[in-house]
Amino acid sequence: MKNGFTTAILHSDLEAPIEHFSVHKPMHAAVAFGYPDSRELAKVFKGEAAGYAYGRQGNPTTAALESKVSKMEDGIATACFATGMAAIASTFVALLRAGDHVVSSSFLFGNTNSLFGTFNTWGAEISFVDPTDVDNVARAIRPNTRMVFVETIANPRTQIADLTRIGELCVEHNLIYVVDNTMTSPYLYRPKKDQASLVINSLTKYIGGHGNALGGAVTDTGLYDWTKYSNIYDNYKNARPAMWGIQQIRKKGLRDVGATLAAEPAHRIATGAETLALRIEKSSGNALALARFLAGHPKVTKVYYPGLDDHPQHKLAGELFKCYGALMSIELADGIDCFDFLNRLELVISSSHLGDNRTLAIPIAQTIYWEMGAARRAEMGIAESLIRLSIGIEDTDDLLGDFRQALEKS
Ligand SMILES: *Cc1c(COP(=O)(O)O)cnc(C)c1O
C-alpha cells in the first residue's frame, strides 16, 4: 500500500479515470454492457480484454470496492459477493471436489459451521480441530487435505487461532490457507503477513460498519502457487498463474452461483470503509474499558475478551493484532436471567448483528447456536447463559453507565 491505511482507502477511487471527476466511484446499476465493436465483446468474454459482460459477473462500482479491499488486505485481487456466507460457500464450491479434505477450526461462526456440515454430505470431508494449538491442525492433515480454514478471533468465545504457526504449517504442506478475517478486519490484522493464501471478509460487519448493507469478499494474497493445485480447470489456465485461483472463484462462485454484490450495497460499503480505522479504534477502546469494568463486577462471573490479562491467548493477541477488537462475551452470576438482564439495558440493542456502530447484545445458546443442539454447543464451549456483546462507538461513559444500571437492578 502506497499510503497509510485510511489515506489509501479514501483516495483509491481517483486512481482510475473516474466519470465527471466525482470523488466517489459512481453507482452503476446497468445489468448489460453494450459494445460498439462486437469483436470487443467477444474478447471480454474470453478474458482477452478488460471490461464487463453481464451484471452477475460484476459491475464497475463493485470492481472499485474490490480494488479497495485488495489494498486493505495487501492482496493481488478480490472478488466481492452478496454476503460473507456467499464468499465462503463460493470459495469452497470453486476450489474443492468430492474426496478432498479440509481442516477447519471448530470455533466457527454458526452459519459457517452449518455450511461445512452440508459439504460433508457432498463428499468433501471437513475435520474440526481446536486451532489455538498448531499441533491439533498438524495431526489432522491427511494425504487428501487441500485446505485449512480458520477465523482470527472466534465468535462468541474469542479464542484466537495460532495464526502464524498454522501459516507455516500450510506452506510446509502446500495447503491453501483460508483466513476469515471478519472479526479483526484488515485494520487490526493482515493475514498475508502470516502466509494466508485467501482472506475472507464479511463486509457486512466492520468494513461496511453501519448495518445498512450486506456483502462479502475473497482476497487472493498472491502467496499461493496455483500451478501446484490439482483442482484448477484447464479452461481457467489462460490467465497468468497468479490469477488462476481468483478467476476460478469468480467463474464458479460468482458467475455460476450468482451471489453477486450489486452496485448500491457496494457503494454503501465503500463509503463505510472510509472510517474503518476510526470506528475500530473507538469501539475497541470502549470494549477494553467495558471488559475491565465487567470483569470487576460481582454479578458477572466470566468475561471473554482478548484484551484481559486472564484470556488464554492475551499475549498472542497483543503480538498479532493492532488492538483487541470490539467483540466479547460474558456469563452472569447464577440466578440472573439473561433475558431479564438484556431487557434492562436501555441503550444496548438486543440484536444478532455485530460490527455495527451501535452496541448490540444477544444470548447465544437460545438464538444463533440454538439449531446445533446442546451437545455441539458444549463441544464449542458455549455455556447456556452466554451473552455476546458487539461494542459500538457510543461515548464510553454512556456505555459503562448502561451496564452499571442494568446490573444493579439484576
Ligand atoms: C457474519 C460473519 C460471516 C457471514 O457474513 P454475512 O455477511 O452475514 O453473510 C462470516 N464469518 C464471520 C466470522 C462472521 O462474523
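Note that ligands are numbered from 1 as they come in the structure, with each ligand's atoms numbered from 1 the same way.
- When all heavy atoms are compared, the tightest approach of His353 to Gly211 is NE2-CA, 3.9 Å.
- At least one side-chain heavy atom of Phe92 sits less than 4.5 Å from a side-chain heavy atom of Phe116.
- Leu389 pairs with exactly one of Leu290, Leu360, Leu327 by the side-chain contact (heavy atoms from CB on, under 4.5 Å) rule, that one being Leu290.
- Using a 4.5 Å heavy-atom cutoff, the side chains of Leu115 and Ile88 are in contact.
- Annotation: ring pair (Phe, Tyr, Trp, His ring centres under 6.0 Å) contacts involving residues 11-31, sequence neighbours excluded, comprise His24-His267.
- For ligand 1, the protein residues within 4.0 angstrom (heavy atoms only) are Thr83, Gly84, Met85, Ile88, Phe109, Glu151, Asp180, Thr182, Met183, Ser202, Thr204, Lys205, Gly215.
- No side-chain donor-acceptor contact under 3.5 Å links Ser202 and Thr182.
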